[in-house]
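As structure tokens, the structure follows; a few thoughts come after it.
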Amino acid sequence: MTAPGSWVPFRLPLQLSLYLLAIMTFSFLIHLHSWFPARERLPSPKAMDKSPTTPPTTTPTTERGMWTVNSIGRLGNQMGEYATLYALAKMNGRQAYILPQMHQQLAPLFRITLPVLSSDVVRSVPWRNYGLHDWMSEEYRHIKGKYVRLTGYPCSWTFYHHLRQEILQEFSFHDHIKEEANRYLAGLRGQRQNVTYVGIHVRRGDYVRVMPKIWKGVVADKAYLEKAMGYFRAKYQEPVFVVTSNGMEWCRENINASRGDVYFSGDGKESSPGRDFALLAHCNHTIMTIGTFGIWLGYLVGGETVYLANYTLPDSPFLRVFKPEAAFLPEWIGINADLSPLLGGT
């Protein structure tokens, strides 16, 4: 019989061998992992939800051709370009696509449906640029070319009014934007029982300089706004006027709020164009001054729209690129601008 302590010298080499074997096995597994990388984990369903600002770029089907439009200007210009592309592509039997820049401008606000081209595709396609003026012309029904990029600043109901319901659907707001706008308006109701919301957009900014210096025109003044508001005060029992502008300081100084029915959005400070547009678009009626922003408001709201009319001199170069009758719907109400500052040289 072996004594109890006689196996001790044998145990030490055995433990050492097992230890070395474990190290070699671990090292082998590490190398094996580097040869065959693990598959990437799929993102969670929540992570796969696309933000409205992330373009869902599309691989185009080129049989019907690919038409797009330049993405230039501010919100009103972008809307005009989108709607014109939508209508003209359909009219000419082509598939319309928008650029990533346009998607970034419009998708956070609206439920637009036109597919988005990737930047690589945009660069690789042999586009034929086709310039548009600001109103529909007969030749636009027969534009030749499979790969056409429309250019210019089109913004006229004459392009797309025959598709009005489709255009209104394209420019329908996301639910959270509608809820925010309606919540703000509800907070202005107060004790009024028969409230009528009238959105006012006062375009100033660069137009204050550009209109008289370049276009021989004027922007809206205090008298015009008083007349426009007077129209709604005479017609509706409890109007509430919601004012937005890129010149809010001028508005606070020139729009009389003493009646208690005028509210300056954002506590009288300029907000983002998208937020202003959504707020005014949820009103019942519109008072606009000049510019595509106000034109689109009137078009989407669909109530009564009062606009500044005849705001340039007859020889204005502006009238070569802009036709009032193609910009303002026939049923809208025009109030003539006061041109005396131009005639008097002030």
Side-chain angles (χ1 to χ4, degrees), residues 49-58 67-91 95-119 122 132 150 152-185 197 199 201 203 242 244 246 265-266 270-286 288 291-303 305 327 329:
D49 290 341
K50 290 185 177 179
S51 164
T53 58
T54 304
T57 51
T58 302
W67 280 26
T68 190
V69 67
N70 54 204
S71 175
I72 51 177
R74 304 181 188 184
L75 180 59
N77 294 127
Q78 298 276 343
M79 294 176 70
E81 291 152 15
Y82 183 100
T84 302
L85 169 66
Y86 186 99
L88 291 186
K90 181 169 287 195
M91 194 178 296
Q95 175 61 53
Y97 297 86
I98 60 172
L99 304 180
Q101 306 94 296
M102 180 168 286
H103 185 272
Q104 291 166 7
Q105 288 265 354
L106 300 180
L109 278 178
F110 306 115
R111 299 177 180 274
I112 54 175
T113 64
L114 289 184
V116 186
L117 289 173
S118 71
S119 298
V122 174
L132 301 172
L150 305 174
Y153 293 87
C155 183
S156 168
W157 58 268
T158 58
F159 286 107
Y160 43 77
H161 198 51
H162 61 290
L163 301 172
R164 179 176 173 82
Q165 291 307 313
E166 293 181 41
I167 298 301
L168 294 180
Q169 182 61 39
E170 290 294 312
F171 292 138
S172 59
F173 292 91
H174 296 296
D175 289 343
H176 70 278
I177 293 175
K178 291 191 286 189
E179 291 165 5
E180 180 185 351
N182 287 325
R183 187 164 53 246
Y184 181 90
L185 293 174
Y197 295 103
H201 179 252
R203 179 70 161 88
V242 184
T244 72
N246 59 345
S265 71
E270 183 177 347
S271 183
S272 69
R275 187 179 183 279
D276 282 349
F277 190 90
L279 178 60
L280 299 184
H282 285 82
C283 293
N284 304 112
H285 307 288
T286 304
M288 62 163 290
T292 56
F293 189 102
I295 289 173
W296 271 110
L297 278 173
Y299 196 81
L300 294 194
V301 170
T305 298
L329 285 171

Task: For I98 against T68, the heavy-atom pair lying closest together - done: CA-OG1, 3.9 Å
TODO: Grab the two heavy atoms, one from W67 and one from A89, that are nearest each other, plus how far apart they are.
DONE: CE3-CA, 3.8 Å
- [ ] Report yes if the side chains of L185 and C283 come closer than 4.5 Å at any heavy-atom pair, otherwise no.
- [x] yes
Task: Spacing of CD belonging to Q101 relative to CG belonging to N70, to within rounding of 0.5 Å - done: 10.0 Å
Task: Selection residues 175-185 - residue pairs positive for salt bridge (Lys or Arg N to Asp or Glu O under 4.0 Å), sequence neighbours left out - done: R111-D175, D175-K178, E180-R275
Task: Gap separating the CG atom of L300 from the CG atom of L280, nearest 0.5 angstrom - done: 11.0 Å
- [ ] With rounding to the nearest 0.5 Å, note down the distance linking CG in N182 to CD1 in I177.
- [x] 12.0 Å
Task: Set of residues satisfying side-chain hydrogen bond (donor to acceptor under 3.5 Å, both in side chains) with respect to S71, sequence neighbours excluded - done: Q78
Task: Partners passing side-chain contact (heavy atoms from CB on, under 4.5 Å) against T84 (at least two apart in sequence or in another chain) - done: L88, L132, P154, F159, Y160
Open item on the list: When you compare the side chain of M102 with that of V69, does any pair of heavy atoms fall below 4.5 Å?
Closed with: yes
Task: Distance (rounded to the nearest 0.5 Å) between M288 CE and R203 CZ - done: 11.0 Å
Task: Results of ring-ring contact (aromatic ring centres under 6.0 Å, His included) for F293 - residues two or more places apart only - done: H201, F277
Task: Pairs satisfying salt bridge (Lys or Arg N to Asp or Glu O under 4.0 Å), at least one member in residues 67-86, at least two apart - done: none
TODO: State, to 0.1 Å, how close A107 and I112 come at their nearest heavy-atom pair, and which atoms those are.
DONE: N-CD1, 3.9 Å
Task: For H285, ring-ring contact (aromatic ring centres under 6.0 Å, His included) partners two or more places apart - done: F232, Y236
TODO: Identify the heavy atoms of T286 and G298 that sit nearest to each other, and give their distance.
DONE: OG1-CA, 4.0 Å
Task: L106 side, atom CG; F171 side, atom CZ - distance, nearest 0.5 Å - done: 6.0 Å
Open item on the list: Any heavy-atom pair between the side chains of T292 and L75 that's under 4.5 Å?
Closed with: no
- [ ] Please identify each residue that fulfils ring-ring contact (aromatic ring centres under 6.0 Å, His included) with F173, with sequence neighbours left out.
- [x] F110, H282
Open item on the list: Using every non-hydrogen atom in the two residues, find where S265 and T244 come nearest and quote the distance to one decimal.
Closed with: OG-CG2, 3.3 Å
Task: Residues that H161 engages under side-chain hydrogen bond (donor to acceptor under 3.5 Å, both in side chains), provided they are two or more places apart - done: Y299
- [ ] Output all residues satisfying side-chain hydrogen bond (donor to acceptor under 3.5 Å, both in side chains) with S156, sequence neighbours left out; order by chain, then residue number.
- [x] T158
Task: side-chain hydrogen bond (donor to acceptor under 3.5 Å, both in side chains) against T113, all qualifying residues, sequence neighbours excluded - done: E170
TODO: Give the C-alpha distance, both sets of side-chain angles, the deciding distance and a yes or no for side-chain contact (heavy atoms from CB on, under 4.5 Å) between N284 and V301.
DONE: CA-CA 7 Å; N284 304 112; V301 170; 5.8 Å; no
Task: Approximate separation, where rounding is to 0.5 Å, of L114 CG and L99 CG - done: 11.0 Å
